[in-house]
Amino acid sequence: MELIFERSVPGRRAVRLPTSDVPRAADLPENLSRPEAPGLPEVGELDLVRHFTALSRRNFSVDTTFYPLGSCTMKYNPKALEEAAGFFARSHPLLPFLPSGERFVQGSLGLIHELSRLLAGITGMDDFSCQPLAGAHGEMAGMMMIAAYHRSRGDRRRSVVVPDSSHGTNPATAAMVGCQVITVPTAPYGDMDLDAFRQVMNGDVAAVMMTCPNTLGLFNPHVAEICDIAHDHGALVYCDGANLNAVLGKVRPGDIGFDAIHVNLHKTFATPHGGGGPGSGPIGVKAHLAPFLPAPRIVRGADGGYGLAEGGDASIGRLADFFGNFGILVRAYAYITMLGRDGLIEVSEHAVLNANYVMSRLQGWYDLPFPGPCMHECVFSAARQMKQDIHAIDIAKHLIDRGFHPPTVYFPLIVREALMIEPTETESRATLDHFIGAMIEAAQLAETDPDTLRRAPLTTPVTRLDETKAAREITVCHPAG
Amino acid sequence: MSRSGYSPHTVAEIREMLDTIGVESIADLFSPIPSGLRARSFPLPEGMSEFEMLDRLEVRAARDSREIVSFIGGGCYDHLIPAVVDHLANRAEFATAYTPYQPECSQGTLQALYEYQTAIGRLTGMAASNASLYDGGTALAEAALMALRITGRKRLLADCSVNPFWRQIVRTYLANLDVELVEIAPVHGVLDRDAARALFDDRVAGVLVQNPNFFGSIEDFSDLASAAHRHGALLVSAVYPVSLGLVKSPGDMGADIALGDGQSLGNPPCFGGPSFGFMAVRTEHIRNLPGRIVGETVDREGRRGYVLTLQAREQHIRRHRATSNICSNQSLCALRGLVFLASLGKHGLVELARLNRDKAEYAKGLLGSVRGVVVVNSAPTFNEFTLRLPKDAETVVERLLGLGIAAGMPLVRQYPGMGDCLVVTVTEKRSRQQIDRLAAALEEVLWS
Amino acid sequence: METYFTRDHEWISVEGTTGTVGITEYAVGQLGDITFIELPSVGKAVRRCEIFCAVESVKAASDIYAPLSGKVTEVNRTLESEPEIVNRSPEGHGWIARLAVEDLSEVDKLMGRTEYDEYVRGLE
């Protein structure tokens, strides 16, 4: 398909700008001026609409397709959230920084404050900051606070412990706060090996980072013990809250010993994923970490009004331009308000029901390295299909031809040929059955006609793409001219 | 029947599914969670219909004022947004997809991001762009880390006329690393070049500047780029993308890393987010870029297509040795930026930039002629400029707010020596009448 | 000239005090199509078992450990533009770097060809 740049015709225009009502200013001096206009496309509005509409049709999305991408929680995003977000799109974020300017944004400040309170109740934490702009950004906030906490006690700690099943963001975040990463292997029961964990713990460990439930979709029964061991060594325990949707109303990480958690509003609280973002990763902490929360804080005065507090000396400082991905905060607040206590409990129950249903229907067909019951997702292995030289990727591509977005493949790294399926609570049994049918068909084809799988997908605008060529002959911007 | 969520199951379906799984009840599925670890409480109100929820949120939103005439910017700008931006970017096929890990069924997002990267590359005059970062401030922090990584050095210089919030983010990002940030105090609203030159040596990884800077001044940093390169350091330049319709690009000035905030490209202020950060670099630094990158390739039939490329830099593969921990970015906001740029096109962006400068120059002339008011900037400006008032700026701004005008951003909290100064922002959305009203109100507040 | 191997699938051919380093056929098979070699800088001193460069394929990044201690004297610049040479000829034209070997007695800690082949068979 043509690029928008290839549709460009010199002299064509989509949008007309208002006529100026002021005199024309002198030109900028030559050394500050752009010598020629930037090479942007010149297209009409209908060209633009046809182009991007055509592009949109080359995408699978939750609204068009079942999208069981494990770990990403691709649930349905209720349309009412979009309407709610529209109420709040206008306010300028610097208004509350002007003297007595906060009175003009009481609605927005109040919403963030209220969302923080709700998230604290959901996770069992004492305080929240909604500033982090994505899950990994929340992790960074959390790890920075933990570093600051140790520093405030005159304690220099330089290492962070993660299980080998962790999200890549966990070790990457640890490195960004200047820590060494210690990786603990997974035991046969599917979580961090307790003995190995005990052996690596010492007074240099600043934090243990764990996903709860973990990336294999399992709830670690030893999680409280791990927290205790970590605390005995003076380390804090960080919860990667990516999988909070599995345990809403069932487990509160704050109750079982975690010191900090980020939540992914775009996963658990149904805000749209936007083709890769924006997400939002509010960070919650227990009281002992609260002084270190990012600045500025949104506070409620004695008169019930909301204002800003720059945060004390202990604060890790500013982490984002303003108050976080506010438009996403509005949607999540709308979702929590609408679903409420009963609705959120139903979310976790039906997410877990759907995952176990898929797991039990498919376990005869694919290897299940860590048997369930699972929580909100299940991780199969295509190791059995490897005998026919069929890989997880071939099964994934077959699913595309059957109209399903594939599960996450090759993660967690500790499962060979991993297929990680997260159905979410918003899918009907009929959809799950169709998907299960396509998975079974893939397993059968692996035996009877593996070439069909290797050729897939054939129903998409392009067949399999040459990723090696893309990485060797790097073209990331369309050449001009 | 579903109680209140968006789960479609009937009671009968749930029963059948439980039978298939071989358990009695949903509670059995939660049996791996020891009873001692169960939630002690779940203190939330009960749910409600979407109609009741929307009523509540509308009431809450109404507590924000919509009557303010705004002359504030400082990293978030009130620009026109063509209707086509909302219409196209809000298509659910874009909005409800995720990171395009499976390229064959994500060509829409991938090609759009490739087009976005192309637009950013051309706008900034750089060879390679990533597919977006969170926002301008975090992009600056990532650029700072990148300069440290590329040079293997431990010292950064920063012009204090760079957005002070953004510099705070850089300080936050650097706090736990064994590196040093040296901040250079500005003179007359521009970089103190003598001070900068005196600080260059072979320990410096890079120098961070912004164009136009927080005071609104536009500078040519070509000489700074040469000085940096002579010492093996990088020039990191933050830019305001709309200004690039008129202002020389960072690429043309010799910058090694260009970055900025993309909110002004088709994203509403929305109380500061979501926005997007952009980052573009010279070819030789592409493998050090943080975040996703889309690359062109071919399929088995030789047809052109797009994939996420150079993924071995990223956290999901390289883990603790990744170029950044970033995973989710701000794709949808970047898409808005692309549609915005394409809808204006080559000449439209120039026209938009000119409109901004014309309005701001008009305002600068008018406000600068108010008795006792002085324009601080010694350099040309784009759509923001700094005024020195004969009175305390916070007091004046507070009084003008009472008249329904957000006259500008007082500088005292970020620049303690500038208590009588404020930065005024004038976009194309401000009418001559509004500017005239601001001038009259300022005169009145100052002198009557 | 004698060639030695590590458990991490590097090889080193030693001639006099010069060691030529690369990755083995088995390593290449595991990595798949190699897209980029992050070459070490000439003059860099490395200790045995220390990371001294990295190899990237589409879906993996693999650190390369120095088989012996020494100083990097030369790198295979052709790999910058043609990383696929490592796929075609991992133990020939696809060599990565040459080292001035510091302590030849360290070869005792490495495997010979036969021993390495056996080790690889054990992994499969």
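A, B, ... follow the sequence lines: proteins, then strands. Residue 1 opens every chain. The figures here come from the full heavy-atom set of this structure, side chains too, leaving out hydrogens, waters and symmetry mates.
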For this session: Give a yes or no on whether the backbone of B:R66 and the side-chain of A:R90 come within a donor-acceptor separation of less than 3.5 Å.
Result: no

Exercise. Which of the residues A:R361, A:H167, A:K397 is involved in the greatest number of heavy-atom pairs with chain B at under 4.5 angstrom?
Worked result: A:K397

For this session: Measure centre to centre between the rings of A:H137 and B:Y134, then say whether the value is under 6.0 Å.
Result: yes

Exercise. Is B:C105 close to A:P457 at the side-chain level, that is, under 4.5 Å between some pair of heavy atoms?
Worked result: no

Problem set entry | Atom pair OH/NE2 of B:Y101 and A:H405 - distance to nearest 0.5 Å | 10.0 Å

For this session: Give, for atom CE of B:M17 and atom CG of A:L353, the distance between the pair rounded to the nearest 0.5 Å.
Result: 4.0 Å

Exercise. Which bit of B:N90 is near chain A, if near means a heavy-atom gap under 4.5 Å: side chain, backbone, both or neither?
Worked result: neither

For this session: Give the member of A:C72, A:A175, A:A334 that has the highest number of heavy-atom pairs under 4.5 Å with chain B.
Result: A:A334

Problem set entry | Backbone N/O of A:G39 and side chain of B:R122: donor-acceptor pair under 3.5 Å | yes

Seminar exercise, completed: Honestly, the part of A:M144 sitting under 4.5 Å from a heavy atom of chain B is both

For this session: Select, from A:S20, A:A37, A:G324, the one with the greatest count of heavy-atom pairs under 4.5 Å involving chain B.
Result: A:A37

Exercise. When heavy-atom pairs shorter than 4.5 Å are enumerated against chain B, which of A:V347, A:I328, A:T408, A:L111 gives the highest number?
Worked result: A:L111

For this session: Report the option among A:S33, A:S56, A:G135, A:G317 that has the most heavy-atom pairs separated by less than 4.5 Å from atoms of chain B.
Result: A:S56

Problem set entry | Within-4.5 Å side-chain heavy-atom neighbours: A:R13 and B:E351 | yes

For this session: Verify whether the ring centers belonging to B:F271 and A:F88 lie closer than 6.0 Å.
Result: no

For this session: Please look at B:E314 and chain A and tell me whether the side chain, the backbone, both or neither of the residue comes under 4.5 angstrom of a heavy atom of that chain.
Result: neither

Problem set entry | Separation between CD of B:E93 and CZ of A:F52, rounded to the nearest 0.5 Å | 14.0 Å

Exercise. Checking heavy atoms, do the side chain of B:F30, its backbone, both or neither come under 4.5 Å from chain A?
Worked result: side chain

Exercise. Within the distance-only criterion (no hydrogens, no angle test), does the side chain of B:D299 pair as donor or acceptor with the backbone N or O of A:T463 below 3.5 angstrom?
Worked result: yes

Problem set entry | Which portion of A:L69 sits near chain B, non-hydrogen atoms under 4.5 angstrom | side chain

Exercise. Is any side-chain heavy atom of B:L344 closer than 4.5 Å to a side-chain heavy atom of A:L40?
Worked result: no

For this session: Would you check if B:D252 and A:P35 make a side-chain contact, meaning some heavy-atom pair closer than 4.5 Å?
Result: yes

Problem set entry | B:A342 versus A:I4, closest heavy-atom pair with distance | CB-CG1, 4.3 Å

Exercise. Any side-chain heavy atom of B:T309 within less than 4.5 Å of one from A:E467?
Worked result: no

Problem set entry | Residue B:L401 versus chain A: region with a heavy atom under 4.5 Å | both

Problem set entry | Donor-acceptor pair, side chain of B:D358 and main chain of A:A25, under 3.5 angstrom | yes

Exercise. Non-hydrogen atoms of chain B under 4.5 Å away: do they reach the side chain of A:F97, the backbone, both or neither?
Worked result: both

Exercise. Measuring heavy-atom distances to chain A, does B:L54 have an atom under 4.5 Å in its side chain, in its backbone, in both, or in neither?
Worked result: both

Exercise. Given a strict heavy-atom distance threshold of 4.5 Å, which part of B:E361 is in contact with chain A: side chain, backbone, both, or neither?
Worked result: side chain

Problem set entry | Part of B:A127 lying under 4.5 Å from any heavy atom of chain A | backbone

Seminar exercise, completed: Turns out that what part of B:V294 lies under 4.5 Å from chain A's heavy atoms comes down to backbone

For this session: Under the side chain to side chain contact (heavy atoms under 4.5 Å, CB included) rule, what do B:I26 and A:V352 come out as? Steps first, then yes or no, please.
Result: CA-CA 8 Å; B:I26 287 180; A:V352 170; over 6 Å; no

Exercise. Is a donor on one side and an acceptor on the other found under 3.5 Å between the side chain of B:S328 and the backbone of A:G277?
Worked result: no

Exercise. Which atoms of B:L246 come close to chain A, meaning under 4.5 Å heavy atom to heavy atom: side chain ones, backbone ones, both, or neither?
Worked result: both

Exercise. Taking the side chain as C-beta and beyond, is there a heavy-atom pair between B:L349 and A:P38 under 4.5 Å?
Worked result: yes

Problem set entry | Region of B:S49 that comes under 4.5 Å of a non-hydrogen atom in chain A | backbone

Problem set entry | Under 4.5 Å from a heavy atom of chain B, the part of A:N77 involved | side chain

Exercise. Where on B:I218 is there a heavy atom nearer than 4.5 Å to chain A: the side chain, the backbone, both, or neither?
Worked result: both

Exercise. Looking at side-chain heavy atoms only, is the closest gap between A:L95 and B:I72 below 4.5 Å?
Worked result: yes

For this session: With rounding to the nearest 0.5 Å, note down the distance linking CG in A:L48 to CG in B:L88.
Result: 6.0 Å

For this session: Please flag which part of B:V23 lies under 4.5 Å from any non-hydrogen atom of chain A: side chain, backbone, both or neither.
Result: neither

Seminar exercise, completed: Whatever's closer than 4.5 Å to a heavy atom in chain A on B:R292 counts as neither

Exercise. Heavy atoms, side chains only, cut-off 4.5 Å: are A:N59 and B:R91 in contact?
Worked result: no

Problem set entry | Modelled atom types, side-chain donor and acceptor of A:S108 and B:D64, under 3.5 Å | yes

Problem set entry | Structural part of A:S360 lying under 4.5 Å from a heavy atom of chain B | side chain

Exercise. Is it true that a side-chain atom of A:Q106 and a backbone atom of B:R63 form a donor plus acceptor pair closer than 3.5 Å?
Worked result: no

Exercise. For B:V298, is it the side chain, the backbone, both, or neither that has a heavy atom closer than 4.5 Å to a heavy atom of chain A?
Worked result: both

Exercise. Is a side-chain donor or acceptor of B:R357 paired with a backbone partner of A:A26 at a separation under 3.5 angstrom?
Worked result: yes

Problem set entry | Check: A:D321 side chain, B:G137 main-chain N or O, donor-acceptor pair, under 3.5 Å | yes

Exercise. When you look at A:M375 and B:I33, which way does the side chain to side chain contact (heavy atoms under 4.5 Å, CB included) test go after all the steps?
Worked result: CA-CA 10 Å; A:M375 301 304 285; B:I33 306 175; 3.6 Å; yes

Exercise. When rounded to the nearest 0.5 angstrom, what is the spacing between NZ in A:K469 and CD in B:E296?
Worked result: 7.5 Å

For this session: Find the one option among A:R34, A:H273, A:R58, A:E42 whose heavy-atom pairs under 4.5 Å with chain B are most numerous.
Result: A:R34

Exercise. Say you draw a straight line from OG of B:S324 to CE of A:M140; how long is it, rounded to the nearest 0.5 Å?
Worked result: 6.0 Å

Exercise. Would B:Q102 and A:I400 satisfy side chain to side chain contact (heavy atoms under 4.5 Å, CB included), going step by step from the backbone distance to the final call?
Worked result: CA-CA 9 Å; B:Q102 296 288 341; A:I400 295 176; 4.2 Å; yes

For this session: Give a yes or no on whether the backbone of B:R432 and the side-chain of A:D21 come within a donor-acceptor separation of less than 3.5 Å.
Result: yes

Exercise. Between the side chain of B:K248 and the main-chain N/O of A:N31, is any donor-acceptor distance below 3.5 Å?
Worked result: yes

Problem set entry | Under 3.5 Å side-chain donor-acceptor pair for B:S7 and A:E425 | no

For this session: Please test A:Y76 against B:T96 for side chain to side chain contact (heavy atoms under 4.5 Å, CB included), starting from the C-alpha separation and ending with a verdict.
Result: CA-CA 8 Å; A:Y76 171 65; B:T96 71; over 6 Å; no

Problem set entry | Over-ring placement of A:R318 relative to B:F165, 6.0 Å and 45° cut-offs | yes

